[in-house]
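Reading through the structure tokens given below for one structure.
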Protein chains: 2
Amino acid sequence: MLSKKSQYAFKALEYLTAKYKEGPVLISEIAKKKKIPLKFLENILLELKKAEILDSKKGKGGGYFLKKSPEKVKVATIIRLVNGPISMLPCVSLYFYERCKNCDEKQCGLHDMMVEVRDATLKIVENRTLRDLVV
Amino acid sequence: MLSKKSQYAFKALEYLTAKYKEGPVLISEIAKKKKIPLKFLENILLELKKAEILDSKKGKGGGYFLKKSPEKVKVATIIRLVNGPISMLPCVSLYFYERCKNCDEKQCGLHDMMVEVRDATLKIVENRTLRDLVV
DNA sequence: TAGTAGTCCACAATCTTAGTAGGATAGTGT
DNA sequence: ACACTATCCTACTAAGATTGTGGACTACTA
């Protein structure tokens, strides 16, 4: 399951996508409209900024905005960034790979199945962008 | 990601599948062969027993064994039992559904995508059984 | 230079995960 | 009946993740 943090991140990004090219949006505005705890949202947006998804402007007239156009930000990227691995097993993850202890990948029945699950999931989340979230 | 507990559960079930119809298997044997902490494994097997996946026999010559044949135990069932929801969002889960707070499911962009992810995943894990884990 | 708004660091409460301890209970063989 | 064996059960703990909060600092704008 996606963490609350991830769900908040998507709600915020959704909001910023809808307001894309309308200039910086206040954290407080996003927090209020999307009902996200203000300080928690601060942390999340800062993280997204450090990952080059968002950019910000300080002072009056400031706020957060998308750094790239919404079509260019994949859902998979956000999940990996905020939530972590998409795969169900470490030994199957493309971005967070870890060798299975006491389990030979070549003869592990779970392994192959989880590769399939991973690919089925990626086929969806790698091909959707923030733009697809706003209908 | 599947928890360690879930991974242990699958390893144990894999072992019991391989030994299906060979009579009860000691917890200690499974723990040793699959390198799972003994007492932790006890809890896991007990849980699987309560869920009617396993059955057990006490005393000398006792141990654990599959209650049903391996072909009849779906991977999805085990994941839900030991790990929890398969879906990425509560509002998309079939077995652990919870309404989304502050988010209308009909107009939530994430919702529809996560329904797709769920279905793609279920298509795999609902159609594989313990038998498929042992190659 | 006053006010606004993001930045950054540290902390805290709560929950989950991963395991451990030890005795109770029930079945087996002699 | 008795000793032995193996599961059953409750409770506990330590560590880590999650979900926040508080407060000072920095940068920008008018």
Side-chain angles (χ1 to χ4, degrees), chain A residues 1-12 16 19 23-32 34-67 79 81-85 88-90 96 101-102, chain B residues 1-12 16 23-32 34-67 79 81-85 88-90 96 98 101-102:
Chain A
M1 297 262 287
L2 295 180
S3 63
K4 235 130 195 284
K5 184 177 164 188
S6 304
Q7 296 178 45
Y8 290 156
F10 275 113
K11 277 180 198 274
L16 289 172
K19 297 225 167 201
V25 182
L26 294 181
I27 300 180
S28 55
E29 181 185 334
I30 306 172
K32 198 176 174 186
K34 291 295 184 176
K35 286 169 186 158
I36 303 171
L38 181 79
K39 294 293 284 181
F40 198 17
L41 182 57
E42 267 186 33
N43 298 334
I44 297 169
L45 296 181
L46 197 54
E47 200 176 330
L48 290 169
K49 181 190 172 174
K50 285 177 179 160
E52 312 257 88
I53 307 292
L54 299 179
D55 209 343
S56 65
K57 225 182 131 187
K58 286 184 177 180
K60 188 158 192 175
Y64 274 98
F65 49 95
L66 287 173
K67 190 167 186 179
I79 296 181
L81 183 64
V82 184
N83 206 73
M88 283 191 163
L89 292 176
F96 299 83
K101 293 180 197 330
N102 325 318
Chain B
M1 296 264 286
L2 295 180
S3 63
K4 234 126 195 290
K5 185 177 165 189
S6 304
Q7 296 177 46
Y8 289 155
F10 275 113
K11 277 180 199 275
L16 289 172
V25 182
L26 294 181
I27 299 180
S28 55
E29 181 185 335
I30 306 173
K32 197 175 175 188
K34 291 295 183 176
K35 286 169 187 156
I36 303 171
L38 181 79
K39 295 295 282 181
F40 197 17
L41 182 57
E42 264 188 31
N43 298 335
I44 296 169
L45 295 181
L46 198 53
E47 200 175 329
L48 289 170
K49 182 191 172 175
K50 284 177 181 162
E52 313 256 270
I53 307 292
L54 299 179
D55 209 344
S56 66
K57 224 181 131 186
K58 286 183 176 179
K60 187 157 193 172
Y64 274 97
F65 50 94
L66 287 173
K67 189 166 185 179
I79 297 181
L81 183 64
V82 185
N83 207 72
M88 283 191 163
L89 292 176
F96 299 84
E98 272 177 64
K101 293 182 195 328
N102 325 320

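By convention in this document, chain letters (A, B, ...) are assigned in the order of the sequence lines, proteins followed by strands, and residues within each chain are numbered from 1. Hydrogens, waters and symmetry mates are skipped; everything else that's a heavy atom, side chains included, is used.
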What is the distance from CG of L38(A) to P of dG23(D), rounded to the nearest Å?
14 Å
Send over the distance from E47(B) CD to dT7(D) P, rounded to a whole Å.
17 Å
Whole-Å distance between dT16(C) P and M1(A) CE?
11 Å
side-chain hydrogen bond (donor to acceptor under 3.5 Å, both in side chains) against K58(A), all qualifying residues, sequence neighbours excluded:
none
Which residues pass the side-chain hydrogen bond (donor to acceptor under 3.5 Å, both in side chains) test with S6(B), sequence neighbours left out?
S3(B), N83(B)
Taking atom P of dA6(D) as reference, at what distance in whole Å does atom CZ of F65(B) sit?
15 Å
Measure the distance from CG on D55(A) to P on dA27(D) and round it to the nearest whole Å.
15 Å
What distance separates L16(A) CG from F65(A) CZ, expressed to the nearest 0.5 Å?
10.0 Å
Any pair with a residue in residues 36-50 of chain A that passes salt bridge (charged side-chain N to carboxylate O under 4.0 Å, His left out), sequence neighbours left out, goes on the list, sorted by first then second residue, please.
K5(A)-E47(A), K39(A)-E42(A)
Are any protein N/O atoms closer than 3.5 Å to N/O atoms in nucleotides 9-16 of chain D? If there are, list each pair with its distance.
residue : atom : partner : partner atom : Å
dC9(D)  : N4   : E42(B)  : OE1          : 3.2

Can you tell me how far apart CD1 (I44(B)) and CD1 (I30(B)) are? Round to the nearest 0.5 Å.
10.5 Å
Please state how far atom CZ in F40(A) lies from atom C1' in dT21(D), giving the value in whole angstrom units.
11 Å
Start at the 5' end of DNA chain D and walk down; is the nucleotide closest to S3(A) or to K49(B) reached first?
K49(B)
Would you say the side chain of L38(A) lies within less than 4.5 Å of the side chain of L41(A), judging by non-hydrogen atoms?
no
Select base, sugar-phosphate, or nothing to describe what L26(A) touches, counting heavy atoms under 4.0 Å on all strands.
sugar-phosphate
Partner residues of K35(A) under the side-chain hydrogen bond (donor to acceptor under 3.5 Å, both in side chains) criterion, sequence neighbours left out
none
Just how far is it from atom CG of L66(A) to atom CD1 of I53(A), taken to the nearest 0.5 Å?
9.0 Å
Please determine if a side-chain N or O atom of Y8(A) lies less than 4.0 Å away from the OP1 or OP2 oxygen of dT19(D).
no
Would you kindly give the CD1-to-P distance between I44(B) and dG19(C), to the nearest whole Å?
9 Å
Polar-atom pairs under 3.5 Å, protein N or O versus N or O of nucleotides 25-30 of chain C: list them with distances, or write none.
residue : atom : partner : partner atom : Å
dA26(C) : O4'  : K58(B)  : NZ           : 3.0
dT28(C) : OP1  : K57(B)  : NZ           : 3.4

For the atom pair NZ (K34(A)) and CD (Q7(A)), what is the distance rounded to the nearest 0.5 Å?
12.5 Å
Whole angstrom is fine here: how far is it from CD in Q7(B) over to P in dT17(C)?
13 Å
